[in-house]
Amino acid sequence: MENQYHRILLKISGEALKGHSDIYDSEFLEKIYDIVSRIQKMGTEVAIVVGGGNIWRGNMASSLGIEHTIGDYMGMMATVMNAMCLQSYFENHGLVTRVMSAIPVNQCCEPYIRRKAIRHLEKKRVVIFAGGIGSPFFTTDTTAALRAKEICADGIFMGKNGVEGIYTDDPRKNPDAKLIKKISYQDILAKGLKIMDNTAVGLLVDSEVDVRVFNMNDPENAVRVVKGEELGTLVTNK
Ligand code: UDP
């Protein structure tokens, strides 16, 4: 089977980066490097949106008496740290990367400029988007949806840890929960399924970008998806 994706956007949550450690799980870093390098070798361009929840989430602010908006900016700064971590790990193992932040931190990384991001991807650099969308009251899921549209990605890969995709109910609580193979964005909203927040789904509702949700525990799965195997759940308008 041939490579089915020209350009993908991979969403990595802070939770995944944390794994079983305090902030960064070395096993996860190794796994994600393995996945990205294998996909790239197949000729697929890879962009990444990284979350920040392993360090800080905006909703942790209120109980500490910190203003919500400040809490959100702290969350965005956390994603910059995570992007730098990924960059350094990837480059130490031989991948060429660029970090582009929506909040300028010019000593550490490039500012986000859409056309430059596309140029980096064309040159087969892994582009890591940091700083969310640069505005409070949003999430990195929304960032993934927005950047995927901006860079004309064919798909967003949402890797899950030990879960095969989207189910009719929580499979850990309901043994009758069934894996959904294909679903539209409209149905995700109508059924209140929690895969990305509603702002992110709303951005994708009329787009060409598909989301593939699959179990990333086995790095081979990402390769299989790139080859066109129908693993997990496909969220699409088509
Ligand atoms: N955030 C924000 N605007 C954005 C993206 C993120 O304000 O465009 C803040 C928000 O407080 C969020 C935190 O950054 O809680 C970390 O991002 P997120 O929770 O999406 O990370 P993940 O759940 O993927 O680890």
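In each ligand, atom 1 is the first atom listed, and ligand 1 is the first ligand listed.
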- Any donor-acceptor pair under 3.5 Å linking the side chain of Thr233 with the backbone of Ile180? yes
- Query: Would Arg98 and Glu110 pass as an ion pair if we require N to O under 4.0 Å?
  - Reply: yes
- Item | Arg212 NZ/CZ over Phe157 ring centroid, <6.0 Å and within 45° of normal | no
- With sequence neighbours left out, write down each residue that passes ring-ring contact (aromatic ring centres under 6.0 Å, His included) with His6, or none if nothing qualifies. none
- Note on the structure: Residues with a heavy atom under 4.0 Å from ligand 1, by chain and number, are Lys11, Ser13, Gly14, Gly51, Gly52, Gly53, Trp56, Arg57, Gly58, Asp72, Gly75, Met76, Gly132, Ile133, Ser135, Pro136, Phe137, Phe138, Thr139, Thr140, Thr143
- By side-chain contact (heavy atoms from CB on, under 4.5 Å), Ala200 pairs with (sequence neighbours left out) Asp141, Thr142, Ala145, Met196, Asp197
- Message: Filter on ring-ring contact (aromatic ring centres under 6.0 Å, His included), then keep only pairs touching residues 43-82, sequence neighbours left out; what's left?
- Response: His68-Phe137
